[in-house]
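Report on the following structure.
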Amino acid sequence: MAAGHSRDEGLVRRGDCGRRYAAIGWLWNPPESENETTAVIVKTDGDGTPAWNRTFPGISANVGTVTADGGYVLGGTKSPFTYDIGDAFLIRLDADGNTLWHENYQVPVIFDVKETDDGRFVYAGNYWYGLVDGDGKEVWLRNMEGGLTGYAVELRPSGGYVVAGTDARSGEGFVFGTDGDGTILWDTAFTATGIYGGAASAPGGYTLAGIRFLSPIPAPPGLPASRRR
């Protein structure tokens, strides 16, 4: 399989003494290819030597997580350049890379996914966040009104979930906490700061990652706005 470009989306470590890893991403195939993109997961040993790899034509994987049973869940979209409604997916694999299930959802894309303590999966993406059961069947789906994109999701220590990301309209970052049914309990915005990852639980709060936008430099008097840099 030839590929014109590749995009690595994540590296997940399997939490056991074997020190094994999995790299997850997608290939942007040449124009003459049957499929525009191909999702990839490569499992290695602790020294980085590949043990196995799996490819999934026609989709792109943005995120992966290790499941409690040593397998993996991949999330992404079939339309990475347009993010069409109904193209988001989750794929569950066993520890040997065999597909257990592959489900699509009525959302554009999934950017992050976490396994819950009871074996379900919570995810976040463009305008939506949701919860599915251990077989990938939808439990609930919630819309984030406006242009909110959830790039990170995490479990709240007290129960429920945290979703963090960026408002596509203003560029401002946000984070909100929900109960177990996805109802928002609190929210916080970050002026001039885009949130693109993180949401990991930390003592007394959460760790977020993103970009801090600097204020534009004022243009000299009389300089047209179109030429300000």
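In what follows, residues are counted from 1 in the order of the sequence shown. Just so you know, these numbers come straight off a predicted model, no measurement behind them.
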[X] side chain to [Y] backbone, donor-acceptor under 3.5 Å:
X: Ser33; Y: Pro31; answer: no
X: Thr37; Y: Ile59; answer: yes
X: Ser60; Y: Thr77; answer: yes
X: Thr166; Y: Ile195; answer: yes
X: Lys78; Y: Phe89; answer: no

How long is the straight-line distance from [atom2] of [Y] back to [atom1] of [X], given to the nearest 0.5 Å?
X: Tyr123; Y: Leu141; atom1: OH; atom2: CG; value: 4.5 Å
X: Thr116; Y: Leu131; atom1: OG1; atom2: CG; value: 6.5 Å
X: Leu100; Y: Tyr72; atom1: CG; atom2: OH; value: 12.5 Å
X: Leu93; Y: Ile41; atom1: CG; atom2: CD1; value: 5.5 Å

Name the orientation class of the two ring planes belonging to Phe81 and Trp28 (parallel below 30°, tilted from 30 to 60°, perpendicular beyond 60°). tilted
In terms of relative ring orientation, are Tyr151 and Tyr196 parallel, tilted or perpendicular, with 30° and 60° separating the classes? tilted
Heavy-atom pair of closest approach, residues [X] and [Y]:
X: Asn62; Y: Gly76; value: ND2-CA, 3.7 Å
X: Gly75; Y: Leu90; value: CA-CD2, 3.8 Å
X: Val163; Y: Ala124; value: CG1-CB, 4.1 Å
X: Gly197; Y: Ala152; value: C-CB, 4.0 Å
X: Ile24; Y: Gly64; value: CD1-CA, 3.3 Å

Side chains of [X] and [Y] in contact at under 4.5 Å (non-hydrogen atoms):
X: Trp128; Y: Ile110; answer: no
X: Arg156; Y: Tyr206; answer: yes
X: Thr38; Y: Phe56; answer: no

Set of residues satisfying side chain to side chain contact (heavy atoms under 4.5 Å, CB included) with respect to Asp167, sequence neighbours excluded: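 In terms of side chain to side chain contact (heavy atoms under 4.5 Å, CB included), with neighbours along the sequence ignored, Asp167 is linked to Leu148, Arg169, Ser170.
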Who are the side chain to side chain contact (heavy atoms under 4.5 Å, CB included) partners of Lys114, not counting sequence neighbours? Asp112, Val122, Val153, Glu154
For residues 172-183, tabulate all N or O donor-acceptor pairs below 3.5 Å that involve a side-chain atom, not counting sequence neighbours.
from   : atom 1 : to     : atom 2 : distance (Å)
Thr178 : OG1    : Tyr161 : N      : 3.4
Asp179 : OD1    : Asp181 : N      : 2.9
Asp179 : OD1    : Gly182 : N      : 3.1
Asp179 : OD1    : Thr183 : N      : 2.9

Side chain to side chain donor-acceptor pair (under 3.5 Å) contacts touching residues 89-109 (sequence neighbours left out): Asp69-Arg92, Asp94-Asn98, Glu103-Lys137
Any side chain to side chain donor-acceptor pair (under 3.5 Å) pairs touching residues 138-149, not counting sequence neighbours? Asn126-Thr149
Within residues 117-132 or reaching into it, pairs that qualify as salt bridge (charged side-chain N to carboxylate O under 4.0 Å, His left out) - sequence neighbours excluded: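 Counting only pairs at least two positions apart or across chains, the salt bridge (charged side-chain N to carboxylate O under 4.0 Å, His left out) contacts touching residues 117-132 are Asp118-Arg120.
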Between Asp84 and Thr82, does any side-chain donor sit less than 3.5 Å from a side-chain acceptor?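 Indeed, the side chains of Asp84 and Thr82 share at least one donor-acceptor pair under 3.5 Å.
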